[in-house]
Amino acid sequence: MHNLVIDIGNTNSKMAVFDDKVLVFFQSADHIDQHSLSELIDKYKIVSATVSSVKEDVTAIVSILKSGTNYIPFSTQLNTGVQNHYQTRATLGQDRWAKVIAVHHAYPHQNCLIIDAGTCITYDLLNEDSAYFGGSISLGINMRFEALNHYTGKLPLVKWDKEIQRIPEGTDTQTAITNGVLQGVINEVEGFISLQNKKNTDLKVVITGGDATFLLEQLKNSIFAPQIIHDPYLVLKGLNEVIAFEYVQKD
């Protein structure tokens, strides 16, 4: 049985097809092409589908899913076993909730810090009792570069290379900005991990998002490295777990 899951983020949109729990197709693009979506449904004979979106209007995509699949609406009200103590569920990002669900199923009864390095950087803790109370939302890397340019009169907009292996010393304005932003992000991430290590035993750190590879490179020699797991498909896996859960409930 093939399931189709779609994650519409602030920057990119991802589509994935799962055969039960096995990922058999993945695509990331700046938008979802409706014709390609219909072709994908036909090609894989999709049975069920769901979509997570941080944007308001996904009417056209949902219409296609409803017409060609068993469409399961996804929201932060849906649950597969997590105790959700977030006080404003209506404003909890669907992608954040999908990641919590994914980690709940992948690492049951473990303390897990979820770090998503995307347009924003989010930090969410799911504890060993499967309880979720929320987390933190911070500026993403590109957003930090853009903010320095936007809110100052003379600082340039610096384009950074995600493949960078070594953060440069700040010997001129360009490298000073690059050093400040990138080293600041690393210090922030290490600070969050350190704080949660003090509060939770045997903490796992699960990193995802478009800038996750950069973070992993910078943290590979950190004392926290043994705790860190990289999962680029975390949101998609969470959405797929919701579909599986809905089928179990029906049975």
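Between Tyr233 and Phe26, the gap from one ring centroid to the other is short of 6.0 Å. Two rings, from Phe214 and Trp160, have their centers less than 6.0 Å apart.
Linking ILVMFWY residues whenever their side-chain heavy atoms come closer than 4.5 Å, directly or via other members, places Leu216 and Val181 in the same cluster. Residues Ile223 and Leu113 share a single hydrophobic cluster, defined by chaining ILVMFWY side chains whose heavy atoms lie under 4.5 Å apart. Residues Ile167 and Phe224 share a hydrophobic cluster, clusters being chains of Ile/Leu/Val/Met/Phe/Trp/Tyr side chains in contact below 4.5 Å. Two different hydrophobic clusters hold Leu139 and Leu182 under the rule that ILVMFWY side chains link at heavy-atom gaps under 4.5 Å. Cluster annotation: Ile164 is connected to Phe145 through the hydrophobic network of ILVMFWY side chains, with a link wherever side-chain heavy atoms come within less than 4.5 Å.
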- Go through His105 and Thr80 one step at a time and tell me if the side chain to side chain donor-acceptor pair (under 3.5 Å) criterion holds. CA-CA 9 Å; His105 286 273; Thr80 65; 2.8 Å; yes

- Evaluation steps, side chain to side chain contact (heavy atoms under 4.5 Å, CB included), between Met143 and Thr119: CA-CA 7 Å; Met143 202 180 292; Thr119 304; 3.8 Å; yes

- side chain to side chain donor-acceptor pair (under 3.5 Å) evaluation trace for Glu188 with Ser138: CA-CA 9 Å; Glu188 176 184 295; Ser138 182; 3.1 Å; yes

- Item | Derivation of the side chain to side chain donor-acceptor pair (under 3.5 Å) call for Asn3 and Asn240 | CA-CA 7 Å; Asn3 300 326; Asn240 189 54; 3.1 Å; yes

- Item | Intermediate values then yes/no, side chain to side chain contact (heavy atoms under 4.5 Å, CB included), Val235 and Thr208 | CA-CA 9 Å; Val235 174; Thr208 191; 5.7 Å; no

- Item | side chain to side chain contact (heavy atoms under 4.5 Å, CB included) between Val103 and Ile114, worked out | CA-CA 8 Å; Val103 166; Ile114 308 162; 3.7 Å; yes

- Task: Determine, step by step, whether Lys99 and Asp124 satisfy the salt bridge (charged side-chain N to carboxylate O under 4.0 Å, His left out) criterion, reporting the C-alpha distance in whole Å, the side-chain angles of both residues, the deciding distance to 0.1 Å, and the verdict.
- Result: CA-CA 9 Å; Lys99 283 173 283 192; Asp124 290 289; 5.4 Å; no

- Run the numbers on Val58 and Ile8 for side chain to side chain contact (heavy atoms under 4.5 Å, CB included), then give the verdict. CA-CA 9 Å; Val58 291; Ile8 300 176; 3.6 Å; yes

- Item | Test salt bridge (charged side-chain N to carboxylate O under 4.0 Å, His left out) applied to Asp116 and Arg96, step by step | CA-CA 9 Å; Asp116 188 340; Arg96 289 176 69 192; over 6 Å; no

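Contact annotation: the side chain of Leu40 never approaches that of Ile46 to less than 4.5 Å [non-hydrogen atoms, C-beta and beyond]. Ile177 places a side-chain heavy atom less than 4.5 Å from the side chain of Thr173. Counting only heavy atoms from C-beta outward, the side chains of Ile6 and Leu65 approach each other to under 4.5 Å. Contact annotation: the side chain of Arg144 approaches that of Val185 to within less than 4.5 Å [non-hydrogen atoms, C-beta and beyond]. Gln227 is not listed as a side-chain neighbour of Lys204, based on a closest heavy-atom distance of 4.5 Å or more. Looking at heavy atoms from C-beta onward, Phe133 lies out of side-chain contact with Asn84 at the 4.5 angstrom threshold. With contacts defined as side-chain heavy-atom distances shorter than 4.5 Å, the pair Ile186/Leu215 qualifies. Between Phe25 and Phe18 the shortest side-chain heavy-atom distance does not fall below 4.5 Å.
Smallest separation of non-hydrogen atoms from Ala16 and Leu23: CB-CD1, 3.5 Å. Between Ile207 and His230 the shortest heavy-atom distance is O-CD2, 3.3 Å. Contact record, Gln34 with Ala60: NE2-CB, 3.5 Å, taken as the closest heavy-atom pair. Here the shortest heavy-atom pairing between Thr76 and Leu92 reads CG2-O, 3.2 Å. Scanning all heavy atoms of the two residues, the minimum distance from Leu203 to Ile193 falls at CD2-O, 4.1 Å. In this structure, Asn79 and Phe245 approach most closely via the heavy-atom pair O-CE2, 3.1 Å.
Taking OG1 of Thr201 as the reference point, atom CD of Gln196 lies at 12.0 Å (rounded to 0.5 Å). The line from OG of Ser52 to CD1 of Ile101 is 9.5 Å long, rounded to the nearest 0.5 Å. We find the CG-CD distance between Asn221 and Glu217 to be 8.0 Å, quoted to the nearest 0.5 Å. Within the model, atoms CD1 of Ile41 and CE of Met15 stand 9.0 Å from one another, a figure rounded to the nearest 0.5 Å. Glu241 CD to Leu236 CG: the interatomic distance, rounded to the nearest 0.5 Å, is 12.0 Å. Between the CG atom in Leu148 and the OG1 atom in Thr178 there is a gap of 10.0 Å [rounded to 0.5 Å].
With 3.5 Å as the limit, one finds a donor-acceptor pair spanning the side chains of Thr175 and Asp172. In the model, Ser48 has no side-chain atom that pairs as donor or acceptor with a side-chain atom of Thr69 under 3.5 Å. A side-chain donor from one of Thr88 and Thr91 sits under 3.5 Å from a side-chain acceptor of the other. In summary, the side chains of Gln183 and Asn179 do not present any donor paired with an acceptor at a separation below 3.5 Å, with no hydrogens or angles considered.
Under a 4.0 Å N-O distance rule, the pair Glu146/Lys159 does not qualify as a salt bridge.
Listed for the Ser130 side chain is no donor-acceptor partner under 3.5 Å among the backbone atoms of Leu126. A donor-acceptor pair is defined here as one N or O able to donate and one able to accept, closer than 3.5 Å; no such pair exists between the side chain of Thr50 and the backbone of Pro73. Without hydrogens or angle criteria, Asn111 side chain to Glu128 main chain gives a donor-acceptor distance under 3.5 Å. Formation of a donor-acceptor pair under 3.5 Å by the Gln83 side chain with backbone atoms of Asp129 is found in this model. In this structure a side-chain-to-backbone donor-acceptor pair under 3.5 Å is present from His2 to Tyr44.
Only one option out of Asp211, Thr213, Asn142 pairs with Lys162 in a side chain to side chain donor-acceptor pair (under 3.5 Å); it is Asp211.
The number of heavy-atom neighbours closer than 6.0 Å to CG of Asp202, taken from other residues, nucleotides and ligands shown, is 12 or below. In this structure, His109 places its NE2 atom where only 12 or fewer heavy-atom neighbours from other residues, nucleotides or ligands lie under 6.0 Å away.
Under the 30°/60° scheme for interplanar angles, the aromatic rings of Tyr123 and Phe192 are found to lie parallel.
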